[in-house]
Amino acid sequence: MHVTEGSVEVEVPEQAEAGVGDAVFFNPVQELNRDVTVAVLRALVERGELGDLTDDERTPSYLDAMAASGIRGVRAAAEEWDATLCDVDPDAVSLCRENLARNDLSGEVVERDANALMHEERFDVVDLDPFGTPIPFADAAFRGARRLVCVTATDTAPLCGAHFESGVRHYSTVPRNTEYHAEMGLRVLLSALVRTAARYDLAAQPVLSHATNHYARTYLLLESGAQAADALIDDLGYIDHCEHCLYRETTRGLIADPLESCPECGHGIQTAGPVWLGPTCEDGFVATTRAAVDDGMGTAAEARELCDTLEAELDEPTHYDQHRLCKRWGVGASAMDDFLDDLRAAGYDASRTHYGGTTFKTDADVAEIRAATQA
């Protein structure tokens, strides 16, 4: 079947169920992911983030490391990037070539193991969009990228702790299955990626990250140097979480010192970590990305709304769900805007989040939230 995204048209196999069968994989649900990626590439250029990489008038390079149908690489080529599309599947490689030709675009198509290619060649931007965990490709990606690494993870159950042992194996951390499970997954992913980059004296700073439609996506801007890498390691730490009253507390550092019991209700505590406790986005970068979204994108309205929410979202390491809190307290939920206004009137910061319509972030703890909104 033919699919149009942005300014390109590609041919993709019809698939009855994502990930099932032998056909080259294509996921229509990730159109938002791909639209935002195009906007990020534009933002990189707009902000001059490529620096002296383009001083010699060299076209910036982009690697679609697991190309499949080639939709990401084709869209990057349409943005006038020097695109390389890589896949180990010969059928995917043939389809990539056809889709570049279909749009009268130039680009290199490589039938190769992505890890081998990334260890041998360097690209301004490396994009990882594997089926499942990206961790087997992370080391090579940081070795092969000059400026930006883009990562999608679709293994949300291990990331958020629902498949605990798998999460520990893949991400070398302790994930916990909490009510803020999507954010837990995103911060577990960021922790693993920041630690991987640091092994090569690289600081991998998240400039735009989101958890949407059963996947996590992040864009990491790279800076070389041991000191820069050390500064990001300082933003790793632990979350102590009470399943009974939903109290949580965060502690920076790589040595866990968990609470013995919840200071609010006295029940037991679960500890997750090391997770990323720093900002998941850089507001200026998100604003530039939003401005780079164009009306020709199929998810333009959704992409702009996502960027607006991300830019306004507080940098607190976890979020709450208003409905879950009110259910726990045995009270009815008020209008979301009124609920947040009550928090602000009590002197706390508060914002909506992109994790759901009733989710919010605040610098108030759970007891302070109740006192401010249930008075």
Side-chain angles (χ1 to χ4, degrees), residues 33 36-56 58-66 72-73 76 79 81-84 86 114-115 117-130 134-153 171-172 186-210 216-236 274 276-286 288-289 292 310:
N33 181 328
V36 172
T37 299
V38 170
V40 164
L41 294 180
R42 294 172 180 174
L44 275 179
V45 175
E46 174 68 22
R47 289 169 57 91
E49 296 290 357
L50 298 176
D52 58 4
L53 298 177
T54 57
D55 283 354
D56 57 0
R58 176 176 59 81
T59 303
S61 56
Y62 170 91
L63 173 64
D64 184 355
M66 297 92 184
R72 289 180 182 274
E79 295 293 315
W81 284 68
D82 180 8
T84 298
C86 175
N115 278 332
L117 180 64
M118 290 185 290
H119 275 297
E120 293 175 1
E121 298 186 30
R122 300 197 75 201
F123 306 87
D124 297 331
V125 175
V126 167
D127 199 328
L128 301 181
D129 185 28
I135 292 303
F137 306 96
D139 285 87
F142 288 117
R143 299 292 284 174
R146 293 189 185 96
R147 193 58 176 137
L148 187 78
V149 173
C150 320
V151 181
T152 300
Y171 296 98
S172 300
L186 181 59
R187 292 186 178 278
V188 164
L189 174 64
L190 288 170
S191 170
L193 294 173
V194 167
R195 285 181 282 125
T196 300
R199 286 203 290 270
Y200 306 104
D201 290 342
L202 285 173
Q205 179 70 55
V207 290
L208 195 157
S209 311
H210 61 102
R217 177 70 166 173
T218 187
Y219 303 84
L220 302 157
L221 204 58
L222 304 184
E223 180 183 349
S224 296
Q227 285 187 328
D230 289 344
L232 293 194
I233 293 296
D234 289 342
D235 276 332
L236 297 174
W276 175 253
L277 297 178
T280 60
C281 296
E282 194 272 294
D283 289 347
F285 192 93
V286 174
T288 308
T289 299
L310 291 175

- Query: Under the side-chain contact (heavy atoms from CB on, under 4.5 Å) criterion, do Leu186 and Trp276 qualify, and how do the steps go?
  - Reply: CA-CA 9 Å; Leu186 181 59; Trp276 175 253; over 6 Å; no
- Query: Got a donor-acceptor contact below 3.5 angstrom from the Arg122 side chain to the Ala145 backbone?
  - Reply: yes
- Item | Any donor-acceptor N/O pair, Asp124 side chain to Arg146 backbone, under 3.5 Å | no
- Item | Evaluation steps, side-chain contact (heavy atoms from CB on, under 4.5 Å), between Leu148 and Leu50 | CA-CA 9 Å; Leu148 187 78; Leu50 298 176; over 6 Å; no
- Query: Could you go step by step and tell me if Asp82 and Tyr62 meet the side-chain contact (heavy atoms from CB on, under 4.5 Å) rule?
  - Reply: CA-CA 6 Å; Asp82 180 8; Tyr62 170 91; over 6 Å; no
- Any luck finding a side-chain donor-acceptor pair between Ser191 and Arg195 under 3.5 Å? yes
- Specify the closest pair of heavy atoms between Leu310 and Asp283, including all atoms of both residues, with the distance to one decimal. O-OD1, 4.3 Å
- Message: If I compare all heavy atoms of Gln205 with all of Pro279, which pair ends up nearest, and what's the gap?
- Response: NE2-O, 4.3 Å
- Backbone N or O of His210 within a donor-acceptor pair of the Arg217 side chain at under 3.5 Å? no
- Query: So which heavy atom on Ala76 is nearest to which on Ala83, and how close?
  - Reply: CB-CB, 4.5 Å
- Message: Give me the atom names and distance for the closest heavy-atom approach of Phe123 to Thr84.
- Response: CE2-OG1, 3.6 Å
- Item | Nearest-0.5 Å distance, SG of residue Cys150 to CG of residue Asn33 | 9.0 Å
- Item | Criterion side-chain contact (heavy atoms from CB on, under 4.5 Å) on Thr288 and Glu49, from CA distance to verdict | CA-CA 12 Å; Thr288 308; Glu49 296 290 357; over 6 Å; no
- Task: Under the side chain to side chain contact (heavy atoms under 4.5 Å, CB included) rule, collect the residues that match up with Ala141, sequence neighbours excluded.
- Result: Met118, Val126, Leu128, Val149
- Separation between OG1 of Thr289 and CZ of Arg47, rounded to the nearest 0.5 Å: 8.0 Å
- Correct closest heavy-atom pair for Ala192 and Tyr171 would be CB-CD2, 3.8 Å
- Message: So which atom in Phe137 and which in Asn115 form the shortest heavy-atom distance, rounded to 0.1 Å?
- Response: CA-OD1, 3.4 Å
- Query: Do any N or O atoms from the side chain of Asp64 and from the backbone of Gly73 form a donor-acceptor pair under 3.5 angstrom?
  - Reply: yes
- Name of the residue among Val40, Leu63, Leu44 meeting side-chain contact (heavy atoms from CB on, under 4.5 Å) with Val125: Leu44
- Just wondering, more than 12 heavy atoms not from Arg42 lying within 6.0 Å of its CZ? yes
- Would a distance-only check, ignoring hydrogens and angles, find a side-chain to backbone donor-acceptor pair under 3.5 Å from Ser209 to Thr280? yes
- Query: Can you tell me how far the CG atom of Leu202 sits from the CG atom of Leu193, to the nearest 0.5 Å?
  - Reply: 12.5 Å
